[in-house]
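In the text below, chain A, chain B and the rest are named by the order of the sequence lines, each starting its count at 1. This is a predicted model, so every value here is computed, not measured.
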Amino acid sequence: MSLTYNPKETEEKWYKYWLSQGYFHSEPDERESYTIVIPPPNVTGILHMGHMMNNTIQDVLIRRARLKGYNACWVPGTDHASIATEAKVVAKLKAEGKSKNDLSRDEFLKHAWDWTEEYGGRILNQLQKLGASCDWDRTKFTLDDDMYESVIDTFIDLHEKGLIYRGFRMVNWDPEAKTTLSDEEVVYEEKQGLLYYVNYNIKDSDEKITIATTRPETIFGDTAICINPEDERFSHLKGKEVIVPIVNRTIPIIEDTYVDMEFGTGCLKITPAHDENDKVLGDKHNLEIIDIFNEDATLNHHGLDYKGLDRFEARKQFVKALKENNFLEKTENYTNKVGLSERTKAVIEPRLSDQWFLKMKELAQPALKSVLETKEIKLYPSKFENTYKHWLENVRDWNISRQLWWGHRIPAFYYGEGKDKFVVAKTKEEALEKAKKESDNNNLKLNDLRQDEDVLDTWFSSWLWPMSVFDGIRKPDNKEFNYYYPTKDLVTGPDILFFWVARMVMAGYEYTGQKPFDNIYLTGLVRDKNRQKMSKSLGNSPDALNLIDQYSADGVRVGLLLSNAAGNDLLFDESLCQQGKGFSNKIWNAFKLINSLKIDKEIDQPLSSSIAIQWYSNKFQEALNHIEDHFEKYRISDALMTSYKLVWDDFCSWFLEMIKPEYGKPVDQQTRDQAIKLFEDNLKILHPFMPFITEELWHQIDDRTGSEALIVSQWPKSQQIDQKVIKEFSFVQDVISGIRNIRKQKNIAFKNPIDLHIHNNENASKAYDVLIKKMGNINDLDYVQSQVEGCLSFRVKANEYFIPVAGSIDVEAEKKKLNEELNYLQGFLKSVDKKLSNTRFVENAPEKVINIEKQKKADAEAKILTINKSLESL
RNA sequence: GGGUGCGUAGCUCAGUUGGUUCAGAGCAUCUGGUUUACACCCAGAAGGUCAGGGGUUCGAAUCCCUUCGCACCCA
């Protein structure tokens with residue numbers, strides 16, 4: 001066995017081994033299934049801390065399920081991320097001097113596929129370094145043929161059900177990506193801007209009216225001025241018209257109570273094409289709609305001389321012109337929230353366009369019910385239920401179209417001039433048949449059909465993920481789907497609770513009548529020390545593989561899990577990984593110790609060892625119960641911490657020290673065998689957290705065949721716990737701590753033996769005396785009936801322990817110590833007495849609590865008695 | 001503007017049904033230790049107005065109200 005643990009070699013070796021043995025692969029069989037589908041990372045992405053966190057948790061769950069005898073199946077895959085990927089491909093083309101506009105759709109898609117093939121597998125390979133035990137044979141991509149068809153089938157089905165419709169709506173337009181974004185993809189930022197006060201001349205009058213706007217460049221699109229009908233300042237202007245400055249168009253003054261008389265000048269310009277609220281007013285008052293922008297947010301011909309200028313440049317120049325022509329009254333500083341594209345950071349332009357929408361209200365109902373009413377799906381931590389509820393109860397129709405090429409192309413075919421002349425069909429041929437019927441025109445040819453140019457929102461494919469990875473959309477009765485679905489756990493971040501999770505629940509019920517998963521576990525976001533979300537784009541994410549290099553995969557896994565409770569953000573700190581690595585070292589050395597002991601088959605097991613084994617067996621069972629409970633409640637970090645303390649404190653610091661023979665002496669066969677058995681149980685519960693080192697040691701213990709690998713062994717069985725053993729030993733631990741304290745106090749090195757006299761008021765079991773002697777390095781241990789002079793003392797419960805020390809005892813110091821203990825106890829007793837003499841407490845508190853208080857009282861009284869006696873004898 | 005959550009040791013965070021185990025863990029700090037599996041170690045110590053105030057209760061870090069600070073979501 002090598003002196004120190006070499007994670008690099010080990011990790012590579014065992015990952016290959018697991019793969020070669022097919023342990024990650026699952027096929028339906030008679031066992032119960034335990035399925036997790038990975039939240040598909042972005043195909044162009046690379047591994048960041050969030051992924052590591054997320055996937056470590058999934059791997060812990062799936063490895064534990066495997067050990068517990070489930071047929072565990074973790075399905076990996078990626079999504080095509082239309083906006084992000086298309087943006088990257090466009091950027092790459094640009095760097096090569098090509099423009100997307102010069103390419104045909106097919107040519108562009110070829111570039112996108114090339115890109116995907118080059119970078120697509122990257123993130124999955126990185127997951128392997130982390131130890132992820134995914135069933136790689138099942139790896140899926142949202143644009144695989146079967147996945148593609150599932151999405152198209154779903155679109156057609158929902159359209160037939162009347163849930164998908166086409167609408168002319170104000171959308172969030174990203175002028176950089178030249179696409180629509182959903183509300184969820186827009187981030188708002190406060191920006192310092194100006195409020196411009198602009199004068200409009202009243203037609204056939206010398207009078208003018210002043211409006212305040214943050215966007216003077218949209219004046220080109222003005223089609224009305226609106227005043228509040230109750231505003232007396234403007235009542236004389238009712239029915240008149242104004243002239244748009246510079247543009248010289250005449251527009252009406254309309255009246256609507258929507259206008260806030262307090263804000264600005266109480267007078268509003270209406271630009272229906274470029275503002276959501278103006279659009280509503282425009283519809284109400286039948287106003288003309290003038291769209292002044294091109295798709296890249298430069299001005300079109302409505303912008304007159306400013307045609308072709310970017311909106312911000314146009315604003316600058318137009319304001320200058322307004323000023324020069326005395327239309328600009330004044331400007332004021334003004335902060336407003338500006339919507340930005342999450343992906344490109346471009347300022348969102350509200351834009352009217354034809355889009356495809358999915359009605360959400362109906363679909364949301366089962367999703368609400370299952371999480372909030374029937375609890376068929378459980379959400380961890382439950383605090384997110386409120387957020388979930390609020391979103392679903394106020395859900396808006398989902399704009400599912402994107403003005404992009406990379407993705408699932410909308411299967412709508414236009415056959416005539418009007419934009420409502422279309423049919424939805426799976427193939428062009430089917431579409432032709434439908435179109436002939438609808439148009440009553442049998443002369444229609446394939447060439448007369450034009451397919452919609454847009455693709456579907458990426459989430460419109462990933463909301464099917466738990467079904468489509470098992471081909472459950474196309475073939476709902478297939479064997480695998482029936483076996484693996486519904487899945488068990490979904491592990492993801494709270495930031496995509498609506499984007500993805502809620503929608504998967506909707507799709508699940510819509511298509512199977514069943515939930516897609518039993519449990520939703522929302523992890524925290526990984527943040528850096530400045531509380532910023534860690535992301536590649538901010539450049540504040542440590543390189544994942546570098547971390548693994550430095551601290552080992554096991555170390556990083558432990559580091560990530562250690563201080564991370566569900567749903568709470570984790571401020572990432574590398575020292576946590578260091579702690580994880582330190583833990584590996586500890587485990588390694590624990591085995592090194594057991595392994596290095598020479599065995600003597602002739603010697604009997606010492607009493608101290610048999611006690612140690614009995615104690616640790618029970619301690620292990622107690623911890624196992626806690627661990628099971630933690631897992632059940634998805635308190636993964638607690639489960640890890642419980643295991644950590646069990647192995648480090650109980651196993652290494654106590655158990656191993658107790659069974660360790662004197663230096664150079666051999667160990668008996670029985671103790672060694674039992675220690676190995678207990679160590680193996682440790683490895684089993686550690687395996688989900690630290691798969692590599694545990695598998696390595698498992699094989700160092702013994703030559704094992706393929707089917708005997710740790711990854712496919714059996715999780716320890718729960719057994720009856722002997723609480724008495726644990727309780728008695730805990731008392732013994734206190735005694736040993738007391739001895740250590742005295743040694744420390746008097747600077748008595750451990751190698752120097754001392755004597756111990758025990759005044760056994762508690763009538764504690766003497767069975768453990770051998771251990772006290774061994775662990776305290778006690779020469780003579782005896783029992784006394786009264787205080788012993790010339791000793792330092794300490795107490796455990798009512799028991800008193802005396803240790804003779806060389807030189808004179810400082811009687812005053814001893815008295816002082818005793819008096820302090822006495823004072824504390826008397827205060828404590830008083831508070832307990834107060835409780836017990838309170839009739840309302842005795843009447844109301846549960847019996848269990850009262851008994852505890854009574855026990856406290858008895859213990860305190862006994863101890864006080866002991867101390868008083870000691871004080872007397874001093 | 002509306003909603004949700006958070007505030008516990010120097011730092012990062014647990015604290016489950018209000019009641020033993022409750023004021024905890026890890027890191028950092030300090031003191032001592034090593035011929036012995038591990039200095040990636042061992043044995044100890046110190047560190048707290050549970051954000052402030054009020055209330056409910058026999059009993060509050062935990063429940064309610066309120067003030068302050070912070071974060072996130074939605075508009």
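- Scored by the side-chain hydrogen bond (donor to acceptor under 3.5 Å, both in side chains) test, A:K774 finds no partners at all (sequence neighbours excluded).
- With the 3.5 Å cutoff on both pairing distances, Watson-Crick and G-U pairs in RNA chain B assemble into runs of at least 3 at B:1-7 with B:68-74, B:10-13 with B:24-27, B:29-33 with B:41-45, B:51-55 with B:63-67.
- For A:K361, there are no salt bridge (charged side-chain N to carboxylate O under 4.0 Å, His left out) partners two or more places apart in sequence or in a different chain.
- When distances are taken from the side chain of A:N585 to each of B:G44, B:U4, B:C38, the shortest belongs to B:C38.
- Only the P atoms considered, B:A60 is 12 Å distant from B:C50, to the nearest whole Å.
- In terms of polar N and O atoms assigned as donor or acceptor, the side chain of A:K586 comes within less than 3.5 Å of the base of B:C38 in a complementary pairing.
- Between the side chains of A:Y616 and A:N682, at least one donor-acceptor pair of N or O atoms lies under 3.5 Å.
- Checking the phosphate oxygens (OP1, OP2) of B:G44, a side-chain nitrogen or oxygen of A:S737 falls inside 4.0 Å.
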Kindly give the atom pairs (protein nitrogen or oxygen, nucleotide nitrogen or oxygen) under 3.5 Å for nucleotides 25-30 of chain B.
unit_1	atom_1	unit_2	atom_2	d
B:G26	O3'	A:Q579	NE2	3.4
B:G26	O2'	A:Q579	OE1	2.4
B:G26	O2'	A:Q579	NE2	2.9

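- Pairs engaging residues 646-656 of chain A under the side chain to side chain donor-acceptor pair (under 3.5 Å) rule: none recorded [sequence neighbours left out].
- A:F679 pairs by the ring-ring contact (aromatic ring centres under 6.0 Å, His included) definition with A:F591, A:F651, not counting sequence neighbours.
- Rounded to whole Å, the P atom of B:C63 lies 12 Å from the corresponding atom of B:G15.
- Annotation: side-chain hydrogen bond (donor to acceptor under 3.5 Å, both in side chains) contacts of A:K856 (sequence neighbours excluded): A:E853.
- With B:A43, B:C41, B:C73 as the candidates, the nucleotide lying closest to the side chain of A:W648 is B:C41.
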Could you pull out every donor-acceptor pair under 3.5 Å between side chains of residues 722-732 of chain A and any protein atom, sequence neighbours left out?
unit_1	atom_1	unit_2	atom_2	d
A:D722	OD1	A:K724	N	3.1
A:E728	OE1	A:Y768	OH	2.8

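- Listed by chain and residue number, A:E574 satisfy the side-chain hydrogen bond (donor to acceptor under 3.5 Å, both in side chains) test with A:Y551 (two or more places apart in sequence, or in another chain).
- If you take atom P in B:C73 and the same atom in B:G10, they sit 30 Å apart, rounded to whole Å.
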Could you run down nucleotides 31-36 of chain B 5' to 3' and tag each one B, S or - for protein heavy-atom contact under 4.0 Å? BB---B

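- B:A46 and B:C65 are spaced 39 Å apart, taking the P atom of each and rounding to whole Å.
- Contacts of A:D833 classified as salt bridge (charged side-chain N to carboxylate O under 4.0 Å, His left out), with partners at least two apart in sequence or in another chain: A:K857.
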Readout for nucleotides 56-61 of chain B: B = base within 4.0 Å of protein heavy atom, S = sugar-phosphate only, - = neither; 5' to 3' it is --B---

